[in-house]
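I have placed the structure first, in the form of structure tokens, so that the comments after it can refer back to it.
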Amino acid sequence: MTASPLPVDPFDLVIFGGTGDLAVRKLLPALYHRYADGQIPETSRIIGIAREGLDDDGYRASTRKALQENGGDKSKIDAFLKLVHYRSLDARKDDGWDDFAALIGGQPDHVRVFYLSTSPELFVDICNRLGTYGLNKGKARVVLEKPIGRDLKSANQINDAVGRVFDESQTYRIDHYLGKETVQNLLALRFGNILFEPLWNAEHIDHVQITVAETLGVGQRAGYYDHAGALRDMVQNHLLQLLCMVAMEPPSSLSPDAVRDEKLKVLRSLKHIDESNASQLTVRGQYRAGAAEGQSVPGYLDELKDHKSNTETFVAVKAEIANWRWAGVPFYLRTGKRLPERVSEIVVVFKPVPHSIFDPSAGVLAQNRLVLRLQPDENIKLWVTIKHPGPGGLRLRHVSLDMSFAEAFGVQQPDAYERLILDVVRGNPTLFMRRDEVEAAWHWADPILAAWADSGESPRPYTSGTWGPSAAVALIERDGRTWNEDSE
Ligand code: NAP
């Protein structure tokens, strides 16, 4: 039996960019699911904002469509839509802001969440206006979507401007990977058991792999993506945050700063990669035409309609953490578009046993592996060696123990945005990035980007539907290791 989740206090949640892809595909469905589960009080309000000239009814109609496509229950959707409102505002113009401020001011006791689901160029304008109209006071919080800048300098500009209106304690920089069930479960596994932590170090762990692979290309987002690339879009935020969760020291508690202090120490301990070693420790690639999910697909440059771009759509990095716990343990990171499978996973590979007592005819003694799958399905598997059951001599088998138990508990795993939005309402920033973390991550990423730019080299081409350039395979095989290939 699972306990019902506890309701949160009544809130007003304003989605700037309320008609955009993220709002429609993720934020509104996440809010609906929490409402349907009884966690959102009826007096709460969800207010979509964009320039499009819609009214409440028009916005409710498009929200209804999105929720129905998502499999929502009709009567619950009807009830949920009573909470939903719309205001047409331009972040860059004053028209309508008086009325909007009066609407928000009408519920002074509510927690106010301003979710900035727009392009980051608008963050400063939106925050300045929220400040001018006094909406940053009381229980006000602001959520910033990625990307926060494209380097340390631009991230600082955004953070400075937001910081002039909202205190750091009111600022929630979201990384939805941290809201995933498996990432929470990693905390429970590491710090709720005595089994793993004694082995969680360079003495017993051979290496760690973190893969975030997408089958999609850049499609409609080519314009945005070409200014970013895989290192900025995925590694600087999502992959580094996952690395932190694996590598951090046990925090003294789950209090927001205790956890974020430990993550920050990891980021600051990352070994520097620059022009002296980038060619050995990084591989970048760009997809060419090929096949994805049985269909032929165009290459990146064709999608971009520009034949000169040096933007990487794939990156592999051998990262190292220079501290006592992790000295000499590589963290191989890779991410890319148009890869053969959509999969996000963390693989912790333990060292081999020091001596085998088994006859070679018993089979190969594989290394233990802990595989934390974040996408497409969330699960955790521990691979161990056992004896093949029954007679026939001692034959060794490598089998996986399922440690996620979602089925056993009969629980449907919530989308990461469901958990994270309610964490903002509750005022719990543990799973959000603090400003110094963002800065430390850029501090590591900037010299890699500079080394690539200075090299004058183009990204290596790879065929869509393959695991990136062959150099990415060589990056790990040079060290006598291979990328995890068990798709089970
Ligand atoms: P999008 O589909 O392009 O939506 C942008 C939204 O902003 C629209 O509602 C647009 O409506 C509104 N907007 C644009 N200019 C405005 C202005 N001057 N004043 C008020 N509203 C304005 O973008 P998205 O994909 O939803 O992404 C939003 C943010 O989330 C971006 O920072 C993106 O990087 C980030 N993100 C997106 C995803 C995703 O899966 N989509 C994932 C992670 C992070 P109007 O044009 O009508 O004003």
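One-based numbering, in listed order, for ligands and for the atoms of each. Just so it is clear, the model here is predicted, and its values are computed rather than measured.
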Per-atom filter on ligand 1: closer than 4.0 angstrom to a heavy atom of Glu52 are 47 (O)
Of all protein heavy atoms, the one nearest atom 43 (C) of ligand 1 is Glu145 OE1, 3.8 Å
Per-atom contact, atom 3 (O) of ligand 1, protein heavy atoms, under 4.0 angstrom = no
Let me see the working for Asn136 and Gln170 under side-chain hydrogen bond (donor to acceptor under 3.5 Å, both in side chains), right down to the final yes or no.
-> CA-CA 9 Å; Asn136 54 342; Gln170 296 175 287; 6.0 Å; no
Which residue holds the protein heavy atom closest to atom 8 (C) of ligand 1, what is that atom called, and what is the gap in Å?
-> Thr19 OG1, 3.6 Å
Name all residues meeting the ring pair (Phe, Tyr, Trp, His ring centres under 6.0 Å) criterion together with Tyr115; count only those two or more places apart in sequence or in a different chain, and write none if there are none.
-> none
Got the closest protein heavy atom to atom 21 (N) of ligand 1, with its distance?
-> Ala50 CA, 3.8 Å
Any N or O of Gly20 closer than 3.5 Å to N or O of ligand 1 = yes
Ionic contact status for Arg435 with Asp160, cut-off 4.0 Å | yes
Between Phe80 and Tyr32, what is the ring plane arrangement, given parallel below 30°, perpendicular above 60°, and tilted in between?
-> perpendicular
Ligand-side contact atoms (ligand 1) for residue partner Asp90, heavy atom cut-off under 4.0 Å | 17 (C), 18 (N), 19 (N)
Pair Asp9 + Arg426: basic N to acidic O under 4.0 Å | no
Who's the nearest protein heavy-atom neighbour of atom 6 (C) of ligand 1, and how far?
-> Gly17 CA, 3.5 Å
Are His110 and Phe11 an aromatic pair by the rule of ring centers under 6.0 Å?
-> no
Top protein contact for atom 32 (O) of ligand 1, by heavy-atom distance | Thr118 O, 2.8 Å
What atoms in ligand 1 come closer than 4.0 Å to a heavy atom of Pro147?
-> 34 (O)
Among non-hydrogen protein atoms, atom 28 (C) of ligand 1 lies closest to Ser117 O, 3.2 Å
Residues Glu437 and Arg434 bridged, charged N to O under 4.0 Å = no
If you compare Arg51, Glu121, Lys93, Lys146 by their heavy atoms, the one closest to atom 17 (C) of ligand 1 turns out to be Arg51
Relative to the ring of His238, is the ring of His176 parallel (under 30°), tilted (30 to 60°) or perpendicular (over 60°)?
-> perpendicular
Ligand 1 atoms in contact with Pro120 (distance to a heavy atom under 4.0 Å) = 32 (O)
Can you check whether Phe331 and His207 have ring centres sitting under 6.0 Å from each other?
-> no
Before signing off on this row, confirm whether Arg25 and ligand 1 have an N or O atom pair separated by under 3.5 Å.
-> yes
Between Asp12 and Arg112, does at least one N-O distance fall below 4.0 Å, as a salt bridge requires?
-> no
Pick one: which of Glu303, Glu312, Arg338 meets side-chain hydrogen bond (donor to acceptor under 3.5 Å, both in side chains) with Tyr287?
-> Glu303
Does Ile49 reach ligand 1 with a nitrogen or oxygen that is under 3.5 Å from one of the ligand's nitrogen or oxygen atoms?
-> no
Hey, which atoms in ligand 1 end up nearer than 4.0 Å to a heavy atom of Leu89?
-> 19 (N), 20 (C)
Quick one: nearest non-hydrogen protein atom to atom 26 (O) of ligand 1, plus distance?
-> Leu22 N, 2.8 Å
Going through the distances and angles, do Glu418 and Gln39 end up as a side-chain hydrogen bond (donor to acceptor under 3.5 Å, both in side chains)?
-> CA-CA 11 Å; Glu418 297 179 38; Gln39 275 193 288; over 6 Å; no
Counting each atom of ligand 1 from 1 as listed, which ones have a heavy atom of Ala91 under 4.0 Å away?
-> 17 (C), 18 (N), 19 (N), 20 (C)
the protein heavy atom lying closest to atom 23 (O) of ligand 1 turns out to be Asp21 N, 4.4 Å
